[in-house]
Amino acid sequence: MTTARDKLFIFDTTLRDGEQSPGASMSPQDKLRIAKQLEFLGVDVIEAGFAAASPGDFESICAISKVIRNSTVCSLARANPSDVRKAGEAIAAAPRRRIHTFIATSPLHMEKKLNMTPEQVISRAVEAIRIAKEYTDDIEFSCEDASRSQPEFLYRIIEAAIREGATTINIPDTVGYAVPSEFGAFVRDLREHVYNADQAVWSVHCHNDLGLAVANSLSGVTHGGARQIECSINGLGERAGNCALEEVVMAVKTRNDFFKLGVDINTRQLVPTSKLVSSVTGFPIQPNKAVVGSNAFSHASGIHQDGVIKHRETYEIMTAEDVGWTSNRMVLGKLSGRSAFRQRVRELGIPTKSEAEIDDAFARFKDLADRKVQIFDEDIQSLFDAKNIQPQEISFVSLKQESQTGKTPVAEVTYMDHGEQRVGRAEGNGPVDATFQAIESCAKSGAELLLFSINALTKGAEAQGEVTVRLSVGGRVVNGNGSDPDVLAASAKAYLDALNKLAKVEERKNPQFDHEPTP
């Protein structure tokens, strides 16, 4: 463990700001799975949600607070009594708990959005912190739209916040407007002019609208003196996203000679965590994504290949193993035994509770291997992802397809619906459309298809297809996921998965919280 003096605190907001990414809404079960993995990853603070956003968010934070023991559980709250009390109630069960309250501080936001004077804004912030102290001593205060705020006003409101009891001061670049040299100097200026600055930990929260979130965050640390970075897995977040946790962590670790800071992150869990978030949200990871992309440690150039074979450091500044990849992929197949399978599961860092769980996954592995000659790491990960998904009342059984050039495709889908077998048959503009129409001929959900996406889990013509389907009914938007070597079967599974989620009674209709933007 690093000491407080030389430590960089990692504040993860995947479950809060990440969920504000349109279409990334997560079920309470999904949030709990991700929270447990974030704790295993070693993040210092898990921002579990926005308690006042909906009853569903409140319950999710309560559930997370009951199981997380090592990380601090945090809830966001606007600077008003109702929000703060809701946040305090939601995190009550957590051994380590934080309330993160915020209010806009830029002239634009104060005038156009809040319709408040600067004095009223300061008064509201102080009141929120005073109420938060009834629930916890760990209080974070954020100046929303700080990078477009007037420094003189920020001095005043930050001094008042610390004086009232805020222990962390967060400086957000809410709209991704800053540039690195400017942002670092901005944070440093604030710390130098706030007389009680040394009584709080300083934090940065940067958005990626100009692709500068990671650079701005690191500048806020190196030049500004911040010691907490707010970030998310895969850079997930509203609009263009947030600072990517995996990139910040590996930058600090790889260039420790420059940053001279420690992070308490189990970096070998970065890839498994990234894959889990991608699977839950249905947002594929781009191949050339730093650290966790499938091409991050791949070499196609002959010159690069020759260099890496001779000495890995010629073209690799960090090792694949350090972040959860493997440098050489072991290819498993139908002739592989249980021991080789178990070893690969261990090497991939996939958490398992018992040998029975491994045996169950091995049986599914054998079934997949009969249909697919080569099994890659991503295939193995998907076996456990599928196992962790809650039992579904609507489940795929089989698919028949009739497609021929010049003729209208026809599909027949058999599936179980709450214990009753249903068989739908329909034509469509293409095989996928026919498949969805066949399901709808029985389901009659009236859902609107907002997104259909296919992503190959591995390379080669035999790769499993991972399909994401986004459906909308009556303002509710859900993602369905399905994987199978047959992309049409994967499509059917994804559509049925989405119908499962639509069938569940959810209080929250949309991941966006419309009352006002957040840091």
message = Show, in sequence, the C-alpha distance, side-chain angles and deciding distance for M116 and R124, and conclude whether the side-chain contact (heavy atoms from CB on, under 4.5 Å) test is met.
response = CA-CA 10 Å; M116 294 171 65; R124 182 75 67 83; 3.9 Å; yes
Once you round to the nearest 0.5 Å, how far does [atom1] of [X] lie from [atom2] of [Y]?
X    : Y    : atom1 : atom2 : result
K289 : E247 : NZ    : CD    : 3.5 Å
K86  : I91  : NZ    : CD1   : 13.5 Å
E357 : I350 : CD    : CD1   : 9.5 Å
D12  : E39  : CG    : CD    : 12.5 Å
N70  : R96  : CG    : CZ    : 6.0 Å
C143 : R148 : SG    : CZ    : 14.5 Å

Just wondering, do [Y] and [X] contact through their side chains at under 4.5 Å, heavy atoms?
X    : Y    : value
L245 : L41  : yes
C243 : V248 : yes
E47  : V73  : no
D173 : F186 : no
L450 : L471 : no
E230 : S203 : yes
T254 : D322 : no
K133 : E164 : yes

For a quick test of reading the model, state the closest non-hydrogen atom pair linking [X] to [Y] and the distance between them.
X    : Y    : result
P284 : S278 : CA-OG, 3.7 Å
P118 : M110 : CA-SD, 4.0 Å
D189 : Y155 : OD2-OH, 2.6 Å
N256 : L261 : ND2-O, 2.7 Å
V473 : S445 : CG2-O, 4.0 Å
P151 : L190 : O-CD2, 4.4 Å

Donor-acceptor side-chain pairing of [X] and [Y] below 3.5 angstrom:
X    : Y    : result
T105 : S149 : yes
N80  : S82  : no
N481 : T468 : yes
S27  : D30  : yes
N500 : Y495 : no
E140 : T168 : no
R33  : Q37  : no
D145 : T174 : no

Where the side chain of [X] meets the backbone of [Y], is there a donor-acceptor pair that is under 3.5 Å apart?
X    : Y    : answer
S219 : A215 : no
S65  : A92  : no
R268 : E321 : yes
R156 : F153 : no
E393 : D417 : no
T352 : S354 : no
R191 : G224 : yes
S274 : L270 : no
T167 : D138 : no
D44  : I10  : yes

Residue pair T273, I34: steps toward the side-chain contact (heavy atoms from CB on, under 4.5 Å) verdict = CA-CA 8 Å; T273 308; I34 292 175; 5.8 Å; no
query = Between H207 and Y177, does the ring centroid distance fall short of 6.0 Å?
reply =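 No, they do not, as the ring centres are separated by 6.0 Å or more.
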request  = Please check if the distance between the ring centroids of F362 and F341 is under 6.0 Å.
outcome  =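 Centroid distance F362-F341: below 6.0 Å, so yes.
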Identify whether the distance between the nearest side-chain nitrogen and carboxylate oxygen of [X] and [Y] falls below 4.0 Å.
X    : Y    : value
R342 : E355 : yes
K31  : D57  : yes
E144 : K113 : yes
D497 : K493 : no
K260 : D6   : no

Identified side chain to side chain contact (heavy atoms under 4.5 Å, CB included) partner of [X] from the options [options]:
X    : options               : result
C206 : S217, P172, S147      : S217
R98  : V45, I139, T136       : V45
V43  : I265, N266, T13, V263 : I265

key: Trace of the side-chain contact (heavy atoms from CB on, under 4.5 Å) decision for I103 with F141   = CA-CA 8 Å; I103 195 166; F141 173 68; 3.9 Å; yes
task = Determine the interplanar angle of the F11 and H100 rings, folded into 0 to 90°, and report it as parallel if under 30°, tilted if 30 to 60°, perpendicular if over 60°.
result =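 Ring orientation of F11 relative to H100: perpendicular.
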inquiry  = Does D83 form a side-chain contact (heavy atoms from CB on, under 4.5 Å) with F50? I'd like the steps, not just the answer.
reply    = CA-CA 9 Å; D83 270 30; F50 195 158; 3.5 Å; yes
